[in-house]
Amino acid sequence: MLMNAVEKAMMNNPVRAALQRHFEMPLLLELGGDLRGGRVLEVGCGRGVGTELILARSGAERVDAFDLDPEMVALARRRLRRYGDRVRVSVGDVEHIDAEDGAYDAVFDFGIIHHVPDWRNALSEIHRVLKPGGRLYAEEVLEKFILDPLWRRVLVHPLEDRFTHEGFRQALIETGFEMVGSRQLWHQFAWSVANKPDLPAATALTDRRAAAYAEGSLDER
Ligand SMILES: C[S@@+](CC[C@H](N)C(=O)[O-])C[C@H]1O[C@@H](n2cnc3c(N)ncnc32)[C@H](O)[C@@H]1O
């Protein structure tokens, strides 16, 4: 769901950029660590401040970034022009990510999943495009903020089935992620880092059974 004019004004200003630069990105990297290279995706990049931070601070080699709103994509392209081939910005939808399975080492979400009506589907898509061992860094807005009567009057968000901090963590785990770390503020904002495991749980179990069988500690009848 696209931002209305009020939210655009709240996002496209120096205060929001400073918050991303001095608080959100440092916190996500504190929770999840640096990437040390690799191919990174940013979903819902807005005007590209987060993309610039990923390029400058996370150690990413290349960043693909997309947003549902062509107006935001145009702003991001202008901001990111000087990074040349290291960045590609396009119009796209997090519910249908235009990338192969396992394409990325990391995915960043700066506050967009709460804009998606079927947000669990967005988590599944992110999980799909991450490599095994890849990492999701997410900053999100929680239901307490979205359903607040004042904010409901001035902003436009999907209102059904929003998430708490615990609800978001639980959904990540149900999608197949393993939590690395998370924080919340005032039950309104949350920062979460989660890994796509290297081996699917069932494969890991099969491998453990095979190893136990090989060393004779499992009776395979
Ligand atoms: C709150 S803004 C955050 C923008 C930017 N990440 C930032 O932190 O400044 C949410 C952004 O998500 C985008 N968005 C909403 N639904 C989306 C979807 N399904 N796929 C991709 N982007 C989406 C909006 O156009 C908007 O730019």
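Side chains are part of it too, since the values below use all heavy atoms of this structure and drop only hydrogens, waters and symmetry mates. Being a predicted model, the structure only gives us computed values, none of them experimental. In each ligand, atom 1 is the first atom listed, and ligand 1 is the first ligand listed.
With respect to Asp105, the side-chain hydrogen bond (donor to acceptor under 3.5 Å, both in side chains) criterion is satisfied by exactly one of Arg135, Arg62, Lys131, Arg39: Lys131.
In this structure, Arg47 has no heavy atom closer than 4.0 Å to ligand 1. Val43 does not count as a contact of ligand 1, since none of its heavy atoms falls under 4.0 Å from the ligand.
Of the protein's non-hydrogen atoms, the one nearest atom 10 (C) of ligand 1 is Gly111 O, 3.6 Å. Remark: minimum distance from atom 16 (N) of ligand 1 to any protein heavy atom is reached at Met1 N, 3.3 Å. Given atom 22 (N) of ligand 1, the protein heavy atom at minimum distance is Leu68 N, 3.3 Å.
At a 3.5 angstrom cut-off on N or O pairs, Val116 does not count as close to ligand 1.
Here Glu95 has no heavy atoms under 4.0 Å from ligand 1, in either its backbone or its side chain. When non-hydrogen atoms are compared, ligand 1 lies under 4.0 Å from the side chain of Arg16 (C-beta onward) but not from its backbone.
Looking at Arg169 and Ser182, their side chains do bring a donor and an acceptor atom within 3.5 Å of each other. No side-chain N or O of Asn195 forms a donor-acceptor pair with one of Glu178 less than 3.5 Å apart.
Ranked by closest heavy atom to atom 6 (N) of ligand 1, the top entry among Gly44, Ala17, Gly46 is Gly44.
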### Task
Walk me through it: do Thr164 and Glu143 pass the test side chain to side chain donor-acceptor pair (under 3.5 Å)?
CA-CA 6 Å; Thr164 60; Glu143 71 175 5; 5.5 Å; no

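Proximity of Glu140 to His165: side-chain heavy atoms (C-beta onward) are nowhere separated by under 4.5 Å.
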